[in-house]
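Note sheet for the following structure.
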2 protein chains.
Amino acid sequence: MVTMLELKWEPKKGVWAEQEETFQKLRNNFFGEWREKKLFLNIEEALYLINFQNAVCMDKNGKAVGFNELASRFAAKGPRFFIQYNAFRDWRDRGLILKRFDRELKGEKKAKSKKKYPAKELKTQKIKADAYWYPKSLFSVIDNEAVGRNLFNEHWLGQLGIYKQERGTLLKLNFLETVFLAKHFGLRVIDSETGRAITDRKILSQVTKEREYTKQLYEVYEEWRLKGYVVKTGFKFGSHFRIYFPGASPVKSDKWIHSRHVLHVFPKQQKLLISEWARVVRVAHSVKKTFLLSIPKLKKSEYVDYPADFLAYRRKKAKEGWVRETPKDKPRYLLVAVSEDEHIGGVELASLLKKAESMGLELLLSISDRETSITYYVLKKIVLKDSGKSKNEYYEIEWMKP
Amino acid sequence: MVTMLELKWEPKKGVWAEQEETFQKLRNNFFGEWREKKLFLNIEEALYLINFQNAVCMDKNGKAVGFNELASRFAAKGPRFFIQYNAFRDWRDRGLILKRFDRELKGEKKAKSKKKYPAKELKTQKIKADAYWYPKSLFSVIDNEAVGRNLFNEHWLGQLGIYKQERGTLLKLNFLETVFLAKHFGLRVIDSETGRAITDRKILSQVTKEREYTKQLYEVYEEWRLKGYVVKTGFKFGSHFRIYFPGASPVKSDKWIHSRHVLHVFPKQQKLLISEWARVVRVAHSVKKTFLLSIPKLKKSEYVDYPADFLAYRRKKAKEGWVRETPKDKPRYLLVAVSEDEHIGGVELASLLKKAESMGLELLLSISDRETSITYYVLKKIVLKDSGKSKNEYYEIEWMKP
């Protein structure tokens, strides 16, 4: 026989269970907090129990209260209350536990082993040819075939002739490659409009006027290139870059090599709708690439206190098979509940990631869409070898089904 | 024996062919323009012939000139010269013809038959329940199950309980649904923060403060809803909406119905990087949905003269099989060459589409990525029944391989 869960509510006290059978059952499922011989529930816990566990919540007069009455008098003024509730609902519905995040976990920091990406220092060379820069097109061209072929075959810098066709003799350099070669290979660049030489810094500032965040894009491009990666456009995969590990070559041996990673830059100053942010990740996943996000490393004073919502537990292997983890275990994730129609900025995301890292947790984004379905993304820090002085930090983002 | 194509160049005259064998061959392939007993070539034609047809271009002194010399003295100051060249190169490389677009085609307007989308006027009803509005979450909730179930089952308005699970009794309404029901179904909405009723207009202006372009999103939502379409979030497909044709129901019969169209809104005021714009289309195509773009209908004075680049021809069926079309045929497309790193605005795209339509052509976007690969998108106007007074126009966007 199923016993109905009985909850009580008073506006000034909140929601609690005092009937023994009820609170035993709730404590066994890690709901609520024991205080003054009562089990007090958070609003999301109370609403979840009412909606999905047949709990009944009564006011002082013994009248059952509904979702809206409870929510509007309890929680309406809190930030994103309904989005938090929806995240809680979804996680609990999967038989898993999560608890409101209301304190930093101290002394629980544990150095997590981070995935390491290799590096192989790039060997630069001195180029003996000119490139002509076409500023309105953001491209330059080297029409010396020998030089072009060498740069392309040795470093996969630029595009020689037609992509994957081995026809044509021009080496076409996009603005990132042009700046990089001018700075590190001593390439002389002639501005086609003036006929005079132009510096890498001048090119970068020209492009920045046309295209926002060019400098941030270039910094990331340069860092990975100097560590031996091949960094090409990720246009076909909806990201800024696709990358190949050190040693990759554009020359066909028995088959074309395929990139397996895309890399996207999220600048400090940028604000994106969550739906836009998720769209970038989604394209990469739809083509089965590992998605890497570049997040700015901030100064201490720049981090903000962006609120995290829950500590989330998952499953672990026990003698009897897989069991759910409980608050007696170390949590897995710092969960942040957002909706597709709100914004997130580079600074906020960097701050959240820092907070999670300081507790030895991974960051879990729970995104409610306009239909209250949830999509989960886990952000895992990676280490690019010898990038201690980097202005950026890098994360793999994985789609997750709890 | 292959004859080498001979071209001549003088800075003030341009590039031309005067040797008979050369110009016969070029005229047969629809290069150049006949003038003063010479065949004058556009810069993109000359450079293409030099790069891919073994043409040699000599200056007055009989010295061969290369890509950069010719380009920088001929075309460098023109807008997006290299991007235009690259678009030209790709189309010609496929054995197809295109010509510089330098005049509007007059008197060639031909009413193209446009795809028609049906409509079935929405039957509204009066709702006898309150919804509570949670402004910071941009959601409202109806906790009257009977009312909620009716709205959900009859109109697929809101989300009853959990998506695709048929559990739960709350009807959750996103901000678009909340406003729509308040305006057209007389739903009374209570602001959960104040306890007082709030109007649809107030909700819309609240949300607009949090989320850019909310009004444009709502206008499109409302238009399609009133024509009987079911309009749900397109979050999982990277677009604003997914749509179901009139008559669709959320109630499972033998299997779930799947949407086959997504709909994305490109507001007048918005400027997007081409790479961002293409990303939206790309997600939809990767999940095999038809992509619909909403473009603002502008006032006559708002249209701008955004330059189109080429008239493009394709193939036609002849007695001997498929043959390429030539300038003796009517062109198929108004081709605009852009690059992944430039911007396009709602006004510019609307203006281009208008220009193409006025000539009875489809608009073809040729997007050069940073590696000079080209992606093509065709924009085809559709007609949503009885939408004469609409503030928007709608286009199907198709990925195209010439």
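Just so it is clear, the structure is predicted and the values come from calculations on it, not from any experiment. Residue numbering restarts at 1 for every chain, and letters A, B, ... go by the order of the sequence lines.
For a residue to count as touching a neighbouring chain, one of its non-hydrogen atoms must lie under 4.5 Å from one of that chain's; by this rule B:Thr375 touches chain A with the side chain only. Both the backbone and the side chain of B:Phe67 have a heavy atom closer than 4.5 Å to some heavy atom of chain A. Looking at B:Tyr134, only its side chain comes within 4.5 Å of chain A, counting heavy atoms on both sides. Heavy-atom distances place the side chain of A:Asp93, and not its backbone, under 4.5 Å from chain B. Looking at B:Ile50, neither its backbone nor its side chain comes within 4.5 Å of chain A, counting heavy atoms on both sides. No part of B:Tyr48 comes within reach of chain A, as not one of its non-hydrogen atoms sits under 4.5 angstrom from that chain. Only the backbone of B:Glu210 comes within contact range of chain A, judged by heavy atoms closer than 4.5 Å. With a threshold of 4.5 angstrom between heavy atoms, B:Arg89 approaches chain A through side-chain atoms but not through N, CA, C or O. If you measure heavy-atom distances from A:Leu176 to chain B, the contacts under 4.5 Å come from the side chain alone. When heavy atoms are compared at a cutoff of 4.5 Å, B:Val280 approaches chain A by way of both its backbone and its side chain. B:Trp156 touches chain A through its side chain: at least one heavy atom from C-beta onward sits under 4.5 Å away, while N, CA, C and O do not. For B:Leu273, the part sitting under 4.5 Å from any heavy atom of chain A is the side chain, from C-beta outward, and nothing else. In this structure, chain A has no heavy atom under 4.5 Å from any part of B:Asp191. For B:Ile190, no part sits under 4.5 Å from any heavy atom of chain A, backbone or side chain. In this structure, no portion of A:Leu160 lies under 4.5 Å from any heavy atom of chain B. With a threshold of 4.5 angstrom between heavy atoms, A:Phe74 does not approach chain B through any atom at all. The contact between B:Leu138 and chain A is made entirely by side chain atoms (from C-beta outward), counting heavy-atom distances below 4.5 Å.
Around CZ of A:Arg94, the count of heavy atoms belonging to other residues, nucleotides or ligands within 6.0 Å exceeds 12. Other residues, nucleotides and ligands contribute over 12 non-hydrogen atoms within 6.0 Å of the CZ atom of A:Arg167.
Using modelled atom types, no side-chain atom of A:Ser192 and backbone atom of B:Ser72 make a donor-acceptor pair closer than 3.5 Å. In terms of modelled atom types and a separation under 3.5 Å, the side chain of A:Ser137 and the main chain of B:Phe81 share a donor-acceptor contact.
No side-chain donor from either of A:Glu340 and B:His240 sits under 3.5 Å from a side-chain acceptor of the other. Between the side chains of A:Tyr163 and B:Asp90, no donor N or O sits under 3.5 Å from an acceptor N or O.
When A:Glu177, A:Lys172, A:Glu276 are compared by the number of non-hydrogen pairs under 4.5 Å with chain B, A:Lys172 comes out ahead. Of the listed residues (B:Ile162, B:Ile367, B:Thr169), the greatest number of heavy-atom pairs within a distance under 4.5 Å of chain A belongs to B:Ile162. Listed options B:Ser339, B:Ala278, B:Gly66, B:Ala71 were ranked by heavy-atom pairs under 4.5 angstrom with chain A; first place goes to B:Ala71.
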Check the pair B:Arg370 / A:Phe175 against side chain to side chain contact (heavy atoms under 4.5 Å, CB included), numbers first and verdict last.
CA-CA 8 Å; B:Arg370 261 180 247 129; A:Phe175 59 96; 4.1 Å; yes

Trace of the side chain to side chain contact (heavy atoms under 4.5 Å, CB included) decision for B:Arg282 with A:Phe237
CA-CA 8 Å; B:Arg282 194 178 296 281; A:Phe237 312 121; over 6 Å; no

Kindly determine whether A:Lys236 and B:Glu371 satisfy salt bridge (Lys or Arg N to Asp or Glu O under 4.0 Å), including the steps that lead there.
CA-CA 11 Å; A:Lys236 291 198 174 71; B:Glu371 235 165 343; 5.8 Å; no

Walk me through whether A:Phe139 and B:Asn86 qualify under side chain to side chain contact (heavy atoms under 4.5 Å, CB included).
CA-CA 11 Å; A:Phe139 267 95; B:Asn86 194 46; over 6 Å; no

Could you please spell out the steps behind the side chain to side chain contact (heavy atoms under 4.5 Å, CB included) verdict for A:Arg279 and B:Arg279?
CA-CA 8 Å; A:Arg279 185 185 299 143; B:Arg279 185 185 299 143; 4.1 Å; yes

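Contact detail for A:Phe52 and B:Gly168: the closest heavy-atom pair is CE2-CA, 3.8 Å. Taking both residues in full, the closest heavy atoms of A:Val141 and B:Asn68 are given as O-ND2, 2.9 Å, listed atom of the first, atom of the second, then distance.
Going from atom OG1 of B:Thr214 over to atom CG of A:Asp341 covers 7.5 Å, rounded to the nearest 0.5 Å. The distance from atom NZ of A:Lys232 to atom OG of B:Ser373, rounded to the nearest 0.5 Å, is 10.5 Å. A:Ile274 contributes atom CD1, which lies 12.0 Å from atom CZ of B:Arg211 (distance to the nearest 0.5 angstrom). Here B:Asn51 contributes atom CG and A:Leu170 contributes atom CG; the two are 4.0 Å apart, rounded to the nearest 0.5 Å.
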